[in-house]
Visitor: 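Can you read through this structure? Questions will come right after.
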Amino acid sequence: MSNTSIGIIGGGQLGSMLCSAAKKLNIKSVVISDDKDAPAQSFADEFIFSKYDNDVKIQEFCNKVEFITFEFENIHYDVLKKIDEIKKVNPKPQINKIVQNRINEKDFLNKNNIRTTSYISIKNEGELKSAQDFIPGLLKTCTLGYDGKGQYKIESEKELDNLKIDFDNDYIFEKLVKLKKEISVIITRFGPEKYEVYDPIENIHEDQILKYSKVPAEIDQNLYNQSIKWAKYIAEELNYIGTMCVEYFIDKNENLYVNEIAPRVHNSGHLTINAYNISQFENHIRAVCNLEKIETKKIYNAKMINLLGDDILVYKNKKLKDNEFFFDYLKKTIKEKRKMGHLTIIE
Ligand code: AMP
């Protein structure tokens, strides 16, 4: 093993895949997670089970590694900043501050003339009742929501009367985009104007959870160019180091909107493990650990299916075809709609 080591904050499946990529590069991985069953412990060289605000454990984690990154964006900003003061974290904590709040994120995008759906901040019932212009819309918590959690679809004014909303949280009310398609662009930025960009990936969600991804996305050249241009612009503007994902909506009139920015490797990019010479995970590790940037090329077209809940059971003992790759996240408990694994099919 080389002397290089990477610390990963968070122990979910994205952490696992980062550990596997590090191993391939001969880099030691140390994962810290507040979940004692964190799946990434099966893939990491070392695992620290700790709350993220335990200063002693954080110091121990920092001492063990040369570079630090994270696999989920909802780490409290103050925690990330504290870690960053001990040992540099990439992507920079400041980026999370923008991206982990849906209002800050959309304000940032609009300030940079990047289209998003229209939106309004909602802090109480009165504000919600006077937001009729945004119906049909989606009310989302400003922070911490993912995979449809903390989201309410509101299709008529009448529905506002029966909604039970916990106004201890702040909300964003987004106008519903008449979706034709969803795509994502994954980009790894190594430094100023130094990128590797993956082809846009087409995504299908069910109940707001990603279910299928495929590359290439069936989109025209304009949307292809625009989505990559915006992803590069965002990465540059954020002074980003590592892999990030820009999730887009395409409406019925072929307009492109940014839905959100994920400051991390992304579920839609799992197919890059089998479809590209360098995966999104390897590129992330390369960028964060200051390794060489290698031209990233698609080798195969591919489809990915997320295995949610007990979908996984069928695959555990299934004989796979040569072009099928099954990933089991080794999560202890199956829960409905929980991401348990995925299958990639190359073509
Ligand atoms: P999010 O948690 O914001 O990524 O939303 C998850 C999924 O919900 C998206 O990928 C879309 O399928 C759907 N969705 C979220 N916001 C909107 C919107 N403003 N208009 C239409 N669909 C949306």
Side-chain angles (χ1 to χ4, degrees), residues 12-14 71-74 96 98-110 114-122 128 131-156 159-160 163 165 169-186 200-215 217-219 223 227 230-231 234 244-271 304-306 308 336-339 342:
Q13 63 267 21
L14 298 174
E71 61 108 51
F72 72 112
E73 64 268 45
N74 288 326
N96 271 35
I98 300 172
V99 167
Q100 70 188 186
N101 179 301
R102 291 183 192 270
I103 301 260
N104 294 348
E105 182 182 37
K106 286 204 168 55
D107 286 350
F108 160 79
L109 290 164
N110 284 282
I114 293 176
R115 191 186 299 114
T116 67
T117 188
S118 27
Y119 60 100
I120 186 171
S121 151
I122 302 282
L128 182 58
Q132 299 97 334
D133 289 354
F134 295 81
I135 297 175
L138 265 172
L139 186 70
K140 304 177 179 177
T141 48
C142 281
T143 55
L144 294 176
Y146 66 97
D147 287 346
K149 293 184 179 111
Q151 300 191 359
Y152 308 83
K153 197 178 213 175
I154 300 171
E155 286 177 289
S156 70
E159 288 173 39
L160 290 180
L163 271 182
I165 309 280
N169 296 315
D170 290 342
Y171 291 85
I172 181 172
F173 195 25
E174 294 181 11
K175 205 161 185 162
L176 214 59
V177 174
K178 290 197 177 77
L179 290 180
K180 178 177 175 196
K181 236 172 226 204
E182 294 187 63
I183 60 167
S184 53
V185 171
I186 293 177
I201 298 162
E202 186 167 334
N203 301 313
I204 296 178
H205 292 77
E206 285 178 2
D207 297 332
Q208 278 123 296
I209 303 175
L210 181 67
K211 183 67 189 159
Y212 305 100
S213 294
K214 73 169 183 184
V215 73
E218 285 174 46
I219 52 172
L223 288 167
S227 60
W230 277 351
I234 292 166
M244 64 167 223
C245 176
V246 183
E247 296 177 38
Y248 292 101
F249 296 147
I250 298 169
D251 75 7
K252 306 268 188 225
N253 298 320
E254 302 275 310
N255 293 310
L256 189 68
Y257 305 74
V258 172
N259 172 29
E260 59 184 358
I261 303 164
R264 53 170 170 77
V265 286
H266 192 259
N267 189 172
S268 63
H270 289 359
L271 50 72
M304 191 266 332
I305 305 170
N306 262 342
L308 307 176
E336 203 194 337
K337 296 190 181 164
R338 187 177 197 197
K339 290 173 181 166
H342 74 265

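Note: hydrogens, waters and symmetry copies are ignored here, and every other heavy atom, side chains too, is used. Just so you know, ligand 1 is whichever comes first in the structure, and atom 1 is the first atom listed for that ligand. Here the structure is a predicted model, which means the values were calculated and not measured.
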Visitor: For Leu176, take its heavy atoms, then give the atoms of ligand 1 lying under 4.0 Å from any of them.
Guide: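 What qualifies from ligand 1 is 20 (N), 21 (C).
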Visitor: Under 3.5 Å between any N/O of Thr117 and any N/O of ligand 1: does that happen in this structure?
Guide: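 So ligand 1 has no N or O lying under 3.5 Å from an N or O of Thr117.
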Visitor: Would you check if there is a donor-acceptor pair between the side chains of Asn203 and Ser184 at a distance under 3.5 Å?
Guide: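 Judged by distance alone, the side chains do pair up.
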Visitor: Which is it for Met304 and Lys214 under the side chain to side chain contact (heavy atoms under 4.5 Å, CB included) test, yes or no, and what are the steps along the way?
Guide: CA-CA 6 Å; Met304 191 266 332; Lys214 73 169 183 184; over 6 Å; no
Visitor: Less than 3.5 Å apart, any donor N or O on the side chain of Asn101 or Thr143 sitting next to an acceptor on the other?
Guide: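 No - no donor-acceptor pair under 3.5 Å links their side chains.
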Visitor: Please state whether Lys178 comes within less than 4.0 angstrom of ligand 1, counting heavy atoms only.
Guide: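 Not so, Lys178 does not reach ligand 1.
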Visitor: Please say which of Ile201, Val246, Ile219 ends up in a side chain to side chain contact (heavy atoms under 4.5 Å, CB included) with Ile183.
Guide: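 Option passing the side chain to side chain contact (heavy atoms under 4.5 Å, CB included) with Ile183: Ile219.
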Visitor: So for ligand 1, is Lys140 a polar contact partner (N or O within less than 3.5 Å, distance only)?
Guide: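 Between Lys140 and ligand 1, an N or O pair is found under 3.5 Å apart.
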Visitor: Does an N or O anywhere in Leu138 fall below 3.5 Å from an N or O of ligand 1?
Guide: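 No; every N/O pair is 3.5 Å or more apart.
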Visitor: Examine the proximity of ligand 1 to His205 and report which part, side chain or backbone, both or neither, has a heavy atom under 4.0 Å away.
Guide: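 For His205, only side-chain atoms sit under 4.0 Å from ligand 1.
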Visitor: Using a strict cut-off of less than 4.0 Å between a Lys/Arg side-chain nitrogen and an Asp/Glu carboxylate oxygen, indicate whether Glu73 and Arg264 qualify as a salt bridge.
Guide: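 A salt bridge links Glu73 with Arg264.
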Visitor: Hey, are Gln13 and His342 close enough side-chain-wise for a donor-acceptor pair under 3.5 Å?
Guide: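 No - no donor-acceptor pair under 3.5 Å links their side chains.
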Visitor: Just which atoms of ligand 1 are under 4.0 Å from any heavy atom in Glu182?
Guide: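 Answer for ligand 1: 9 (C), 10 (O), 11 (C), 12 (O).
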Visitor: How far apart are the closest heavy atoms of Trp230 and Arg115, and which atoms are they?
Guide: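 That would be CH2-N, 3.6 Å.
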Visitor: Looking at residues at least two apart in the chain, or sitting in another chain, which of them share a ring pair (Phe, Tyr, Trp, His ring centres under 6.0 Å) with Tyr248?
Guide: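 Tyr248 satisfies ring pair (Phe, Tyr, Trp, His ring centres under 6.0 Å) with no residue once adjacent residues are dropped.
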Visitor: Does even one non-hydrogen atom of Phe249 get within less than 4.0 Å of ligand 1?
Guide: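 For ligand 1, residue contact (heavy atoms, under 4.0 Å) with Phe249 is present.
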Visitor: For ligand 1, which atoms, with element, lie under 4.0 Å from some heavy atom of Glu247?
Guide: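 Every atom of ligand 1 under 4.0 Å from some heavy atom of Glu247: 4 (O).
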Visitor: Looking only at heavy atoms, is any part of Leu210 under 4.0 Å from ligand 1, and if so is it the side chain, the backbone, or both, or is it neither?
Guide: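 The answer is neither; Leu210 stays 4.0 Å or more away.
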Visitor: Checking contacts here: is it the side chain or the backbone of Leu179 that comes within 4.0 Å of ligand 1, counting heavy atoms only? Could be both or neither.
Guide: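 Side chain only.
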Visitor: What atoms in ligand 1 come closer than 4.0 Å to a heavy atom of Gln151?
Guide: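 Those of ligand 1 that fall under 4.0 Å from Gln151 are 1 (P), 2 (O), 3 (O), 5 (O).
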